[in-house]
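Values in this document were obtained by computation on a predicted structure and should not be read as measured data. Letters go in sequence order (proteins before strands), and every chain restarts at 1. Side chains included, hydrogens not; waters and symmetry mates left out as well; all remaining heavy atoms used.
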2 protein chains.
Amino acid sequence: MRFTLGDKAHEPFMTLDDILDRFYPLPDASKQAIRDLVKDVRYPKGHILLTADKVERYIYFISKGMVRAYADTPNGQVTFWFGAEGDVALTMNSYIAGQTSYEDIELLEDCNLYRIDIKKLKQLYQQDIHLANWGRKFTERELVRTEERLIAMQFKTAEERYTDLINKNPDLLLRVQLGHIASYLGISQVSLSRIRAARR
Amino acid sequence: MRFTLGDKAHEPFMTLDDILDRFYPLPDASKQAIRDLVKDVRYPKGHILLTADKVERYIYFISKGMVRAYADTPNGQVTFWFGAEGDVALTMNSYIAGQTSYEDIELLEDCNLYRIDIKKLKQLYQQDIHLANWGRKFTERELVRTEERLIAMQFKTAEERYTDLINKNPDLLLRVQLGHIASYLGISQVSLSRIRAARR
DNA sequence: TTCATTTTTTAACATTTGTAAAATTTTAAG
DNA sequence: CTTAAAATTTTACAAATGTTAAAAAATGAA
């Protein structure tokens, strides 16, 4: 999922079942099919989990830790998504189109992840209608969130977007450095400093 | 679909089959199930097809015409999506969550539409795995487009976003007034006029 | 065509945000 | 604890965008 942190962000970790149940109720047989495909993996802070220029084979459910997605641009990196416990980390075009994508995913903390093979997951989408609808629901939730953020970018000031962000995700300030937050808000770090100074 | 206009935008109109085939190959039985639910409707330019404050019962495939989605804000309307032939017009939260949403859909031209009942479509998602995957694919395509636009908002100048927009959609300038385009780009109409003046 | 309405552009000034560089604070390693 | 590195804030100035109001152009109905 692209940007949640809401519900269970403060939990120390989430189980695979916790994560699967967030999007859509699945019968146990479908959950078991996922469990059979999943492998537990761990990587340290700073690890690049997925890269833009590769067709990535896996997506990752985040059990514990914080990550960011960023696009490389002529003007530097643009962070456009944070993922925490319960979210799904993936490079969009690899997942959706089997092509290279526009973003890298970097771990901002040591992470425990559930790794799953995209091709095998898609085979399940073709075989199991519950999982096909689970996959639909997952994307739908991301789409609503992304569209809401896009609209906010079109008419809210940077200060409003900052306030909204930390109100919805108070722990973000404790877990993510301000440079990444500024980028996520679409402003320079200097601008974010000014906004924060004005709030004191 | 949220913002395409690409492939067949210049076509005078698209059939239901054209539209269904854009996202995902469907067996004929599945297409027939959709055909059985669909009703042809027409509305004139200016008609408000869907509204934010209602739980809408229908979504519409656009056979002919141009529409926009906009959110009402304290500072006026924010247009954040244009739909043309082949696109799907819907209020997101009605479609996704069965709740009121954040946008109205207004017709910018006289339109021919295929109307379909959301509840019945969702029943099909539960019964027909091909349609469930069609629905997944539809949302996935929207998500990639929306995410790409969000990233562009974060690091491209208004002028670059304007150039990108009209390069991808040359006919947009002929079919949509500049005030809506300015809003879509996240700038004032005055700013857009300045950008256009500088390009001459 | 003519006239009223709507849309778009232009002008003037205010505000926001960006950039570059320096100062300060925080973090992390030894 | 001390020190070097990294992150954050501050400052000064430049560039981009917003707001308001007026002028010009385009549109559409009679």
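- Nucleotides of DNA chain C with any atom under 4.0 Å from a heavy atom of chain A span, from 5' to 3', dT17(C) to dA20(C).
- Per the geometry, CD belonging to Q189(A) stands 12 Å off P belonging to dT10(D), to the nearest Å.
- Using a 4.0 Å cutoff on non-hydrogen atoms, the parts of residues 155-164 of chain A near DNA chain C are A158(A), ordered by number.
- Remark: K31(B) engages D21(B) in a salt bridge, criterion side-chain N to carboxylate O under 4.0 Å.
- With sequence neighbours excluded, the residues forming a side chain to side chain contact (heavy atoms under 4.5 Å, CB included) with E159(B) are T157(B), T163(B), I195(B), R199(B), listed by chain and number.
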_Return a single string for nucleotides 19-30 of chain D, one symbol per nucleotide in 5' to 3' order, where B is base contact, S is sugar-phosphate-only contact and - is none, cutoff 4.0 angstrom on heavy atoms._
BB----------
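- Between I187(B) and R161(B) there is a side-chain heavy-atom pair separated by less than 4.5 Å.
- By the 30° and 60° cut-offs, the orientation of the rings of W134(A) relative to F23(A) is perpendicular.
- In the hydrophobic clustering (ILVMFWY side chains linked at under 4.5 Å, chained through shared members), M153(A) is joined by L150(A), L150(B), M153(B).
- Applying the side chain to side chain contact (heavy atoms under 4.5 Å, CB included) test to T51(B) and every residue at least two apart in sequence or in another chain returns I48(B), D53(B), K54(B), E56(B), D104(B).
- Residues K156(B) and I151(B) have side chains not in contact (no heavy-atom distance under 4.5 Å, counting atoms from C-beta outward).
- Using a 30° and 60° split on the angle between ring planes, Y43(A) and Y60(A) fall in the perpendicular class, above 60°.
- Residues I181(A) and L173(A) have side chains in contact (heavy-atom distance under 4.5 Å, counting atoms from C-beta outward).
- The residue among V176(B) and G186(A) whose nearest nucleotide of DNA chain C lies closer to the 5′ end is V176(B).
- Looking at L16(B) and D40(B), their side chains never come closer than 4.5 Å, going by heavy atoms from C-beta outward.
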